[in-house]
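Step one of this worksheet: look at the structure below.
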Amino acid sequence: MSYLCDASRATLIIVDLQEKLMPVIDDGALVLQRAVLLAQAAGLLGIPVIGTAQQPLRLGRTVAPIDALLDRTIEKTSFDACALAPFMAALCNGRDELVVLGCEAHVCVLQTVLGLLHRQRRVKLVSDAIGSRRGSDKQAAIDRARAAGAEIVSSEMLMFEWMGNSDHPEFRKILKLIK
């Protein structure tokens, strides 16, 4: 087990960034901006990007900037995406480092993180790319996920660890995304 995040072992999971949900999320624009940045970096680094959509007929489609960057979207009614066989099957890709972001932090994101941890998976929760309607709920989700065994990372921390060094062939492209 590496002490740093490893792009060759990572899968990015984007939970429920949907049209009707994002306008009510505290700092929703920042959450979306960080999610797009990570999905773009994942694309440059060959990291699979899996999305979920909670009852899209009620909450709308995945927001366009994210939808365009997803390799696959799994529709769900369960708050814990792990309850769905297609979601778990999508994670059978030989990669054991699951990076989770999305909304709402204290509901679908947290329950999915806890579901993954329960299944003995390595989970990293991206603190600046998750959101809830209230900041206190987001913080409670981070605290609970950490206590359950998830590593808490920031989007920039993750991207620089994925690259490893400034000699990485995608360094300049990812640095341009960040700045």
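All of these numbers come straight from a predicted model, not from anything done at the bench. We number each residue from 1, following the sequence as shown.
A salt bridge is defined here as a Lys NZ or Arg NE, NH1 or NH2 lying under 4.0 Å from an Asp or Glu carboxylate O, and R34 with E156 meets this definition.
The side-chain contact (heavy atoms from CB on, under 4.5 Å) check on A35 picks up L17, I66, L101, with sequence neighbours excluded. Among residues two or more places apart in sequence or in another chain, the side-chain contact (heavy atoms from CB on, under 4.5 Å) test is passed with P56 by Q18, A53, E75. For Q55, the side-chain contact (heavy atoms from CB on, under 4.5 Å) partners at least two apart in sequence or on another chain are R58, T77.
Screening R146, R122, K124 for a side chain to side chain donor-acceptor pair (under 3.5 Å) with E151, the sole residue that qualifies is K124. T112 pairs with exactly one of L110, V109, L116 by the side-chain contact (heavy atoms from CB on, under 4.5 Å) rule, that one being L116.
Between L45 and H168, some side-chain heavy-atom pair lies under the 4.5 Å cut-off. Side chains of R144 and L114 form a contact here, defined as non-hydrogen atoms less than 4.5 Å apart.
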Test log, rule side chain to side chain contact (heavy atoms under 4.5 Å, CB included), inputs I50 and L91: CA-CA 9 Å; I50 299 169; L91 300 182; 3.8 Å; yes
Walk me through it: do D6 and S8 pass the test side chain to side chain donor-acceptor pair (under 3.5 Å)? CA-CA 5 Å; D6 183 341; S8 70; 2.7 Å; yes
Quick one, I130 with I142, criterion side chain to side chain contact (heavy atoms under 4.5 Å, CB included). Give me CA distance, side-chain angles, the key distance, then yes/no. CA-CA 9 Å; I130 60 171; I142 292 169; 3.7 Å; yes
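Of all heavy-atom pairs spanning E97 and L4, the tightest one is OE1-O, 4.1 Å.
Between D67 atom CG and R61 atom CZ the span is 5.0 Å, to the nearest 0.5 Å.
Although no hydrogens or angles enter the test, the distance criterion places no donor-acceptor pair under 3.5 Å between the side chain of R72 and the main chain of F87.
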